Amino acid sequence: MPETTAEVLIIGGGIAGLSLASKLAGDTGVVLLEAENELGYHTSSRSARQLIPSYGPPVVQDLTVRTLALIRELEAGLPEPILRPRSFMLVGREEDVRDRASGHMHPITMAEAAGLAPELAAGNFEAAGLDTTSVSCNTDILMDWHRSRIEAGGGRILTGRRVDAAGRSADGNWVVSAGRETFTAPVAINAAGAWADAVAELFGARRRGLQPYRRTAAIVDAGNPPAADGPMVAGALDNFYYRPDLEGVLISPSETVPSPAEDARHRPEDVADLVELVNSLTSLRLGRTLRAWTGLRTQAADGVPVVGFDDAVDGFFWLAGQGGYGFQTSSGIAEFAAAKLLGEQPVLDVSEALSPARAGL
Ligand SMILES: Cc1cc2nc3c(=O)[nH]c(=O)nc-3n(C[C@H](O)[C@H](O)[C@H](O)COP(=O)(O)OP(=O)(O)OC[C@H]3O[C@@H](n4cnc5c(N)ncnc54)[C@H](O)[C@@H]3O)c2cc1C
């Protein structure tokens, strides 16, 4: 049986596993194992590609700001930017918008909202908030940058390797199987997205109640498309969002429906209902669906990512539960996780907030 040794074994080749592997490669021997034949096949290729500093609990917002700073540093050396300005606008009832319009989001008048998004039909919304620090993210370039940095640092990325068993060698290292191959390492990282609890069980670690939730998105054409530089617009009740896209308009019903860990597929009727809703709230005149997809956003009960060493199983490190914030927190979380793994002081010390041993998990 072929055997590979590593210092750190990362399970999962989505944005979480790739970001951490790229941060570690060069300093430590990293091997990343991805079950599918391509990287990012599951949730990481299905996002809305928006990074919103005002979105999520406080620790997520801090990690988002840190991630934006880190991506800006790395994109300085690239021929094409990864981030482009795209404001985020929340619309809804007065009390629903007020609850979220603080920090990076500030209240604006409905006249200002109509100036930025003239397609909003008058009278449907009482209030609006705007986050001008929000950006769109070219996630393909970002993931490819991580991939090339892993390879440049001597790390190995192996696709088509589904981890199916784990045990210990006599010297205490992990011995991990993927089909007929085995991999040994003192540290294993659980970056398995929707499968994170299942992978934890393979290593004898307690499940953390990480629940995958469906979220659908679609690109549709529009008779009256929004301005190309218009904001992403979201309902404050989390019932829809849309933003301009190169091919048409990207829309989502913002649903949060529990799902098993699986290769999720969209339901055409969900997209049809959403088109009807957005057409009733705007003058976009949405029509044909060009593409639609569903991904799984996986999160703990408190909605905060789960990152750090397991408190009961030596050498088992969690990098999971990123929910709807996986891209916007990716570089900040990777920087934090790498510091914990290398025994260094993290720039942003979020150990307690993200701890796999925190109450409620
Ligand atoms: C519609 C939608 C819109 C979104 N919009 C945004 C957005 O605008 N901004 C944002 O920040 N986030 C957004 N998200 C969330 C973001 O996409 C996720 O948080 C992020 O992609 C999660 O990355 P991940 O690496 O944890 O998971 P994944 O990308 O799912 O990667 C986990 C990988 O682990 C692999 N794996 C599982 N089990 C095993 C095993 N046993 N052995 C080997 N490999 C294994 C899987 O094959 C998978 O490739 C959105 C999500 C959806 C669905």
Side-chain angles (χ1 to χ4, degrees), residues 9-21 31-53 55-56 60 63-64 67-68 71 86 88 134-137 139 142-143 146 157-166 176-179 183 188-203 210 212-218 232 234 241 243 250-257 259 261-264 266 270 292-299 305-307 318-334:
L9 202 58
I10 298 185
I11 301 161
I15 185 61
L18 286 169
S19 307
L20 179 57
V31 173
L32 183 149
L33 303 176
E34 166 53 47
E36 305 293 347
N37 290 325
E38 59 192 86
L39 296 170
Y41 173 82
H42 285 287
T43 312
S44 294
S45 59
R46 307 180 194 199
S47 88
R49 303 170 168 226
Q50 186 81 9
L51 316 186
I52 310 167
Y55 184 43
V60 164
L63 286 161
T64 302
T67 297
L68 289 184
I71 297 179
R86 165 132 16 249
F88 176 74
S134 170
V135 290
S136 69
C137 175
T139 55
L142 181 62
M143 287 200 287
H146 287 309
I157 298 174
L158 301 171
T159 55
R161 303 324 201 271
R162 184 177 303 280
V163 169
D164 50 27
V176 171
S177 309
F183 302 85
I189 312 281
N190 182 5
W195 290 266
D197 266 347
V199 164
E201 275 193 341
L202 295 178
F203 286 78
L210 290 166
Y213 294 95
R214 290 170 60 82
R215 169 87 31 125
T216 299
M232 174 183 260
Y241 64 75
R243 66 155 171 79
L250 182 144
I251 57 173
S252 171
S254 295
E255 83 277 37
T256 301
V257 176
S259 166
E262 64 180 10
D263 189 357
H266 79 280
D270 290 345
W293 63 91
T294 293
L296 298 179
R297 308 178 345 143
T298 299
Q299 61 187 65
V306 178
V307 183
W318 291 82
L319 188 67
Q322 292 86 345
Y325 321 114
F327 280 96
Q328 66 179 54
T329 58
S330 56
S331 298
I333 286 184

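Counting starts at 1 for both ligands and their atoms, following the listed order. What you see is a predicted model, and the numbers here were worked out from it, not measured in a lab.
By the 3.5 Å distance cut-off applied to N or O atoms, R215 is not counted among the residues near ligand 1. Between T43 and ligand 1, a contact under 3.5 Å exists for at least one N or O pair. Residue contacts with ligand 1: I15 is placed with a nitrogen or oxygen under 3.5 Å of a nitrogen or oxygen of the ligand (distance criterion only). On a distance-only criterion, A217 and ligand 1 share no N/O pair closer than 3.5 Å.
Heavy atoms of V199 found under 4.0 angstrom from ligand 1 belong exclusively to the side chain. Contacts of W195 with ligand 1, taken as heavy-atom pairs under 4.0 Å, involve the side chain alone. Within the 4.0 Å heavy-atom criterion, both parts of V163, backbone and side chain, lie near ligand 1.
Residue E34 comes nearest to G14 through the heavy atom pair OE1-N, 4.3 Å, listed as atom of the first residue, atom of the second, then distance. Smallest separation of non-hydrogen atoms from V60 and P305: CG2-CD, 3.9 Å. S47 approaches W293 most closely through the heavy-atom pair O-CZ2, 4.1 Å. Nearest heavy atom pair, residue R86 against residue R243, reads NE-CD, 3.9 Å. Across L296 and A261, no two heavy atoms sit closer than the pair CD1-CA, 4.1 Å. Of all heavy-atom pairs between P53 and L68, the closest is CG-CD1, 3.7 Å.
Of the protein's non-hydrogen atoms, S44 OG, 3.2 Å is the one closest to atom 23 (O) of ligand 1. At the top of the distance list for atom 44 (N) of ligand 1, counting protein heavy atoms only, stands A35 N, 3.1 Å. Nearest protein heavy-atom neighbour of atom 34 (O) of ligand 1: G12 CA, 3.3 Å. Shortest contact from atom 51 (C) of ligand 1 to any protein heavy atom: R297 CG, 3.7 Å. Among protein heavy atoms, atom 27 (O) of ligand 1 sits closest to G193 CA, 3.8 Å. Of the protein's heavy atoms, G324 O, 3.1 Å lies nearest to atom 12 (N) of ligand 1.
If you number the atoms of ligand 1 from 1 as listed, the ones under 4.0 Å from a heavy atom of R161 come out as 42 (N), 43 (C). Atoms of ligand 1 lying under 4.0 Å from any heavy atom of F327, numbered from 1 in the order shown and given with element: 10 (C), 11 (O), 12 (N), 17 (O), 21 (O). Close approach of ligand 1 to G295 (heavy-atom distance below 4.0 Å) involves ligand atoms 53 (C). Of all atoms in ligand 1, listed by their number and element, those nearer than 4.0 Å to a heavy atom of Y241 are 3 (C). Shown in contact with A48 at under 4.0 Å from a heavy atom are these atoms of ligand 1, numbered in order with element: 3 (C), 4 (C), 5 (N), 6 (C), 8 (O). Within the listing of ligand 1, atoms 43 (C), 44 (N) sit less than 4.0 angstrom from a heavy atom of L33. Below 4.0 Å from some heavy atom of S47 lie the following atoms of ligand 1, by number and element: 2 (C), 3 (C), 4 (C), 5 (N), 6 (C), 13 (C), 14 (N), 17 (O), 50 (C).
A donor-acceptor pair shorter than 3.5 Å cannot be found between the side chains of T298 and Q322. There is no side-chain donor-acceptor pair under 3.5 Å between R297 and T43.
At least one heavy atom of G323 sits closer than 4.0 Å to an atom of ligand 1. Contact analysis leaves R214 out of contact with ligand 1, as no non-hydrogen atom separation drops below 4.0 angstrom. Heavy atoms of A191 approach ligand 1 to within less than 4.0 angstrom. Within the structure, ligand 1 lacks A194 among the residues with a heavy atom less than 4.0 angstrom away. Within the structure, ligand 1 lacks Y55 among the residues with a heavy atom less than 4.0 angstrom away.
Screening L39, T159, L9, I189 for a side chain to side chain contact (heavy atoms under 4.5 Å, CB included) with L32, the sole residue that qualifies is L39.
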Item to check | Test side chain to side chain contact (heavy atoms under 4.5 Å, CB included) applied to L319 and I333, step by step | outcome: CA-CA 8 Å; L319 188 67; I333 286 184; 3.6 Å; yes
Item to check | Check against side-chain hydrogen bond (donor to acceptor under 3.5 Å, both in side chains), R215 and T294 | outcome: CA-CA 5 Å; R215 169 87 31 125; T294 293; over 6 Å; no
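The shortest side-chain heavy-atom distance between I15 and L142 falls under the 4.5 Å cut-off. For the pair V163 and S177, the minimum side-chain heavy-atom distance is 4.5 Å or more. For the pair M143 and L18, the minimum side-chain heavy-atom distance is below 4.5 Å.
Taking only non-hydrogen atoms, the option from E36, R46, E38 nearest to atom 2 (C) of ligand 1 is R46. Nearest to atom 7 (C) of ligand 1 by heavy atom, out of Q50, E34, Q322, is Q50.
Note on ring orientation: taking the six-membered ring where Trp is involved, the planes of Y55 and F88 are tilted (angle from 30° to 60°).
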